[in-house]
Amino acid sequence: MKILIAYFSATGNTRKIADFVFEKLKNLGADVEILDITPLSVREKKTDLSLYDAFLFGMPVHSWRAPRIVRNWLKTLDGCGRKCSMFFTYGGFSIHPAHYTTCKILEERGFLVVSSAEFLAAHTFNLGGWEANVNRPDERDFSVAEEYAKETYLRFSGDDYNIPKGFLKTDYTPYFLDEIEKFRFRILTQPPYINEKECIKCGICEDVCPTGAMNAKSGKADLKICIACLGCVSACPNNAVFINDMSESFACKLSAEKITKEDLDKKESRIYL
Ligand SMILES: Cc1cc2nc3c(=O)[nH]c(=O)nc-3n(C[C@H](O)[C@H](O)[C@H](O)COP(=O)(O)O)c2cc1C
């Protein structure tokens, strides 16, 4: 059986889980390949799925679900009745629509979803002053990832097909979910911008941008296509790409979600089978 792990990772958390699961599947004897769909050029090329028997799709949660550009990429695929699994990394806040809505997309594309998983990871907005799950994923999360690789391989190998249980059917409309995407630009009041004095003109910020929004010459990201993934901020070798300070919004978010920072850090990664 040939397996493909395709993942999107703007700041590296999902990549850590994808790489780990890749190694574990190989150790289990699987013939497995890995594809990073973060670069725009990779998503624009047609991926030949005919070479594979089963798939794992990994992505971060952005505003309660898969990032828009990942949803759009998934909608170009043809599952042809083959099995797949989904896994998410997230910063510890609400994510429950992510499993259900991504599962729906995959089913509509003809995949049989056999498992799903969520892994705690440092929240991207820590780059702007949040302090959520700073050191995740850690051993706890990797031990869940090991179990996830084992269980998913078993389900891929078996003849039967079980729909994963446990994640909630969401009653949020696609309209509502699109509306909450705008929330990120209410707390991220300044889209990523380059501090000219510290910029070494390497162009990495533009190269890593998964949407083509960042312009290294003008020093600004185009708000119309920027998805606020902060890949440019985390990749800059000279820390010259900035966003506004979001620490105040972290306190507001904790209070709105009625959760403490300690509760957030105690959350556990989880598998759905
Ligand atoms: C625009 C945006 C929205 C996010 N929304 C959520 C969210 O709704 N819930 C959550 O717990 N984490 C959220 N996060 C945090 C990410 O899911 C988390 O940091 C993830 O591990 C980043 O993955 P990556 O490093 O592979 O890009 C969000 C991050 C970004 C950039």
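The structure presented is a predicted model; accordingly, all values stated were derived computationally and were not measured. Heads up: numbering here begins at 1 and tracks the sequence. All ligand and atom numbering here is 1-based and tracks the order in the structure.
If you run side-chain contact (heavy atoms from CB on, under 4.5 Å) between I17 and each of Y148, Y7, F142, only F142 comes through. With respect to F57, the ring pair (Phe, Tyr, Trp, His ring centres under 6.0 Å) criterion is satisfied by exactly one of F88, F8, F87, F111: F111.
Residue A10 has at least one heavy-atom neighbour below 4.0 Å for each of these atoms of ligand 1: 24 (P), 26 (O), 27 (O). Within ligand 1, counting atoms from 1 as listed, the ones closer than 4.0 Å to a heavy atom of A122 are 18 (C), 19 (O). Every atom of ligand 1 with a heavy atom of A121 under 4.0 Å away is listed here by number and element: 21 (O). Atoms of ligand 1 found under 4.0 Å from any heavy atom of G92, numbered from 1 in the order shown, are 11 (O). Atoms of ligand 1 lying under 4.0 Å from at least one heavy atom of T11, given by number and element, are 24 (P), 25 (O), 27 (O).
The shortest N or O to N or O distance between I227 and ligand 1 is not below 3.5 Å. Backbone and side-chain nitrogen or oxygen atoms of A228 are examined, and none is located within less than 3.5 angstrom of a nitrogen or oxygen of ligand 1. Looking at ligand 1, you'll find an N or O of G12 within less than 3.5 Å of one of its N or O atoms. Considering both main-chain and side-chain atoms, F93 comes within under 3.5 Å of ligand 1 through a nitrogen or oxygen pair.
Looking at atom 29 (C) of ligand 1, its nearest protein heavy atom turns out to be T124 OG1, 3.4 Å. The shortest contact between atom 9 (N) of ligand 1 and any protein heavy atom is with S94 O, 3.4 Å. The shortest contact between atom 5 (N) of ligand 1 and any protein heavy atom is with S63 N, 2.8 Å. Residue, atom and distance of the protein heavy atom nearest to atom 23 (O) of ligand 1 are P60 CB, 3.2 Å. Ranking protein heavy atoms by distance to atom 10 (C) of ligand 1, first place goes to G91 N, 3.5 Å. Looking at atom 6 (C) of ligand 1, its nearest protein heavy atom turns out to be V61 O, 3.4 Å. Nearest non-hydrogen protein atom to atom 20 (C) of ligand 1 is T89 OG1, 3.3 Å.
The pair D178-R65 meets the salt-bridge criterion, since a charged nitrogen lies less than 4.0 angstrom from a carboxylate oxygen. Using a 4.0 Å cut-off between charged side-chain N and carboxylate O, R71 and E181 make a salt bridge. Under the 4.0 Å criterion applied to side-chain N and carboxylate O atoms, D263 and K267 are not assigned as salt-bridge partners. Between E151 and R155 a salt bridge is recorded (basic side-chain N to carboxylate O distance below 4.0 Å). Using a 4.0 Å cut-off between a side-chain N of Lys or Arg and a carboxylate O of Asp or Glu, K201 and E196 qualify as a salt bridge.
Annotation: side chain of V113 is in contact with side chain of M86 (closest heavy-atom distance under 4.5 Å). When side chains are defined from C-beta on, V114 counts as touching Y161, because their heavy atoms get closer than 4.5 Å.
Considering each of F8, W64, Y7, W130, the one bringing a non-hydrogen atom nearest atom 8 (O) of ligand 1 is W64. Atom 14 (N) of ligand 1 has its nearest heavy-atom neighbour, among H123, R15, K267, in H123. Summarising the contacts of atom 30 (C) of ligand 1 with K16, R136, H62, the nearest heavy atom is found in H62.
Contact annotation for S9 and ligand 1: heavy atoms of both the backbone and the side chain come within less than 4.0 Å of the ligand. Residue contacts with ligand 1 for F125 involve side-chain atoms from C-beta outward but no N, CA, C or O (heavy atoms, distance under 4.0 Å).
In this structure, F176 shares a hydrophobic cluster with W64, Y172, L177, I180, the cluster being traced through Ile, Leu, Val, Met, Phe, Trp and Tyr side chains under 4.5 angstrom apart.
For the residue pair W130 and T124, no side-chain donor N or O sits within less than 3.5 Å of a side-chain acceptor on the partner. Side-chain contact of T14 with T89: a donor-acceptor pair under 3.5 Å is present, judged by distance alone.
Relative ring orientation between F125 and H123 is described as tilted, the plane-to-plane angle lying within the 30° to 60° band.
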